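Small disclaimer: the values here were computed from a predicted structure and weren't measured. Chain A is the first sequence line, chain B the second, and so forth, proteins listed ahead of strands; every chain is numbered from 1.
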2 protein chains.
Amino acid sequence: MKNCNTPCNLQKCFMCRLALNEWKPAIDSHRKNFLAKKGELILKEGDPVTGIYFVYNGNVKVHKKWGDKELIVRFANEGKIIGHRGLSTKSSVYPVSATALEPTSLCFIDIDFFLSTLKVNHDLAFNLMMFYADELQESEKKMRNLALMSVKSRLAVALFHLKDLFGTDDEDCINVELSRQDLAAFAGATYETVFRMMNDLVQENLIALTGKKIRITDEEKLRDLTIEAQ
Amino acid sequence: MKNCNTPCNLQKCFMCRLALNEWKPAIDSHRKNFLAKKGELILKEGDPVTGIYFVYNGNVKVHKKWGDKELIVRFANEGKIIGHRGLSTKSSVYPVSATALEPTSLCFIDIDFFLSTLKVNHDLAFNLMMFYADELQESEKKMRNLALMSVKSRLAVALFHLKDLFGTDDEDCINVELSRQDLAAFAGATYETVFRMMNDLVQENLIALTGKKIRITDEEKLRDLTIEAQ
DNA sequence: CGAATCGTTGATGAGCTTCAAAACTCGTGG
DNA sequence: CCACGAGTTTTGAAGCTCATCAACGATTCG
């Protein structure tokens with residue numbers, strides 16, 4: 001990753017927005033800014049935890065692997081945190097990898113400084129706690145989905161999720177450039193299966209494809225797939 | 001659930017151990033103690049959040065459902081917290097159910113009081129944050145397992161997990177009374193499949209059954225199942 | 001002693017993965 | 001500018017894992 005001097009946008013960065021005034025100079029001196037190219041690995045599962053990253057802009061996939069397969073746990077775009085999964089009482093290695101899907105600019109804070117900030121900045125700690133709580137709920141919902149729902153339903157959930165996260169462009173298409181490979185890894189299924197299910201959804205007029213972009217055409221019926229029967 | 005007067009064991013309860021001295025009387029007056037019978041529902045997915053529970057002793061399953069299927073997300077025994085998943089910036093209903101697997105005694109604290117305690121007791125907030133961080137790691141590991149591992153491997157993971165959580169008795173058997181139904185829901189598979197896989201593991205001399213109790217006989221080979229190939 | 005729940009087993013096939021191969025895209029360098 | 005190769009998309013076929021259904025024995029419990 002290349003160093004750069006992008007200043008942090010105080011409005012969007014979790015850390016800077018909640019920073020105590022007296023700590024701001026210290027934060028500025030500890031912060032390192034990076035640019036990650038498309039496809040570049042930002043942090044790697046199993047590596048020792050060095051710090052925490054805030055995404056300034058761009059889009060990052062957070063993923064775990066097992067053998068030669070991978071699962072995308074979530075995406076991190078503008079304003080999101082990555083590397084916070086390294087915080088733990090038990091382990092000191094990152095439990096996930098993070099890879100840039102677009103050119104991405106990041107702000108890095110080393111873990112010791114971040115922890116000491118947390119200890120004195122109670123508002124930041126409280127907000128981070130609530131952030132974790134939200135992530136835990138999301139994670140357990142996805143856990144249930146993977147265990148109990150069909151691939152088609154999981155795909156529908158994934159599409160709504162992507163729409164929420166990235167919004168839509170002026171043609172109402174989900175505003176993200178995502179390979180089918182990654183979509184499959186996010187839905188927790190194989191490439192080919194996801195491809196076939198996408199075809200099904202197009203056949204049933206629930207979604208439409210313009211180029212690689214996806215548009216949800218029948219929100220209600222697509223939503224039905226994500227709702228438990230009975 | 002029945003009211004009771006079990007005093008809180010300060011050593012084991014997350015809240016009481018970290019309580020500020022000046023808040024202890026307030027906590028005592030806010031705490032309600034309950035006894036839950038075997039099979040009794042403690043809190044229900046979708047119900048409005050009223051507070052948070054600390055398990056004094058016994059064993060509780062935390063589960064989510066979809067249609068007529070269910071997945072056990074985790075177990076909570078002595079000293080663990082349930083209902084903390086209700087904390088969220090977005091929603092105010094419990095995202096999971098909790099059911100007693102044995103006669104269980106609990107301590108209940110209403111959510112408003114708990115939140116105001118959190119705001120002033122920074123040590124408690126910090127510890128809760130780290131607790132969430134650990135749970136998130138666990139949750140995402142399980143997510144990956146459900147997406148990428150075979151039922152047999154997930155069963156192996158589940159058995160190790162149960163051994164860690166409940167320990168072993170004097171015959172080296174995993175010290176928990178768990179129906180195959182619940183074991184299946186924990187491993188994320190059907191009753192029958194889990195039954196067959198258990199048989200396989202017995203055939204291969206990786207585990208042994210004495211009555212309903214399970215003993216891991218070949219830890220190394222069982223561990224192999226849980227490790228990614230290559 | 002029913003009644004209900006749980007354990008056990010076999011048969012069947014849906015759902016999904018895997019493999020294989022052709023068609024298409026796209027950047028790269030000659 | 002085109003040829004090349006690497007990656008991605010598309011499609012078909014084969015088969016494996018696992019869920020589902022069904023039926024019966026065992027155990028628990030009011």
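- Screening residues 138-157 of chain B for ring-ring contact (aromatic ring centres under 6.0 Å, His included) gives no qualifying pairs among residues at least two apart or on separate chains.
- The side chain to side chain donor-acceptor pair (under 3.5 Å) pairs that include a residue from residues 200-212 of chain B are K152(B)-E204(B), where partners are two or more places apart or lie in different chains.
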Taking N or O atoms only and anything under 3.5 Å, show me the protein contacts with nucleotides 6-10 of chain D, one pair per line.
residue	atom	partner	partner atom	Å
dT9(D)	OP2	Y191(A)	OH	2.4
dT9(D)	O5'	Y191(A)	OH	3.3

Please table the atom pairs, donor to acceptor, closer than 3.5 Å between any side-chain atom in residues 41-48 of chain B and protein atoms at least two apart or in another chain.
residue	atom	partner	partner atom	Å
E45(B)	OE1	K65(B)	N	3.0

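- Each end of the helix from dC1(C)-dG30(D) to dG30(C)-dC1(D) yields a helix axis from five base pairs, and these two axes differ in direction by 40° (to the nearest 10 degrees).
- The shortest side-chain heavy-atom distance between Y56(B) and C107(B) does not fall under the 4.5 Å cut-off.
- Residues in residues 159-169 of chain A take part in these side chain to side chain donor-acceptor pair (under 3.5 Å) pairs, two or more places apart or across chains: K163(A)-E219(A).
- Within the nucleic acid shown, M197(A) comes within 4.0 Å of sugar-phosphate atoms alone, with no base atom in reach, counting heavy atoms only.
- dC6(C) atom C1' lies 15 Å from atom CG of L101(B), rounded to whole Å.
- The CD-P distance, from E177(B) to dT27(D), rounds to 14 Å in whole Å.
- Evaluation of the salt bridge (Lys or Arg N to Asp or Glu O under 4.0 Å) rule for E138(A) yields no partner, not counting sequence neighbours.
- By the salt bridge (Lys or Arg N to Asp or Glu O under 4.0 Å) test, R196(B) is found to be paired with no residue, residues two or more places apart in sequence or in another chain being considered.
- Residue pairs meeting the ring-ring contact (aromatic ring centres under 6.0 Å, His included) criterion with at least one partner in residues 79-107 of chain B, sequence neighbours excluded, are H84(B)-F131(B), H84(B)-Y132(B).
- Rounded to the nearest 0.5 angstrom, L155(B) CG and I207(B) CD1 are separated by 6.5 Å.
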Kindly give the atom pairs (protein nitrogen or oxygen, nucleotide nitrogen or oxygen) under 3.5 Å for nucleotides 13-16 of chain D.
none

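- Between D182(B) atom CG and dT5(C) atom P the separation is 14 Å, expressed in whole Å.
- The side-chain heavy atoms of L225(A) and L206(A), taken from C-beta on, include a pair separated by under 4.5 Å.
- For NZ of K213(B), the number of neighbouring non-hydrogen atoms (other residues, nucleotides, ligands) closer than 6.0 Å is greater than 12.
- Contacts with DNA chain C (heavy atom under 4.0 Å) in residues 143-159 of chain A: S150(A), V151(A), listed by number.
- A donor atom on one side chain and an acceptor atom on the other are not found under 3.5 Å apart for N145(B) and K142(B).
- Proximity of T193(A) to the phosphate of dC16(C): no side-chain N or O atom is located under 4.0 Å from OP1 or OP2.
- For S88(A), the side-chain hydrogen bond (donor to acceptor under 3.5 Å, both in side chains) partners two or more places apart in sequence, or in a different chain, are D134(B).
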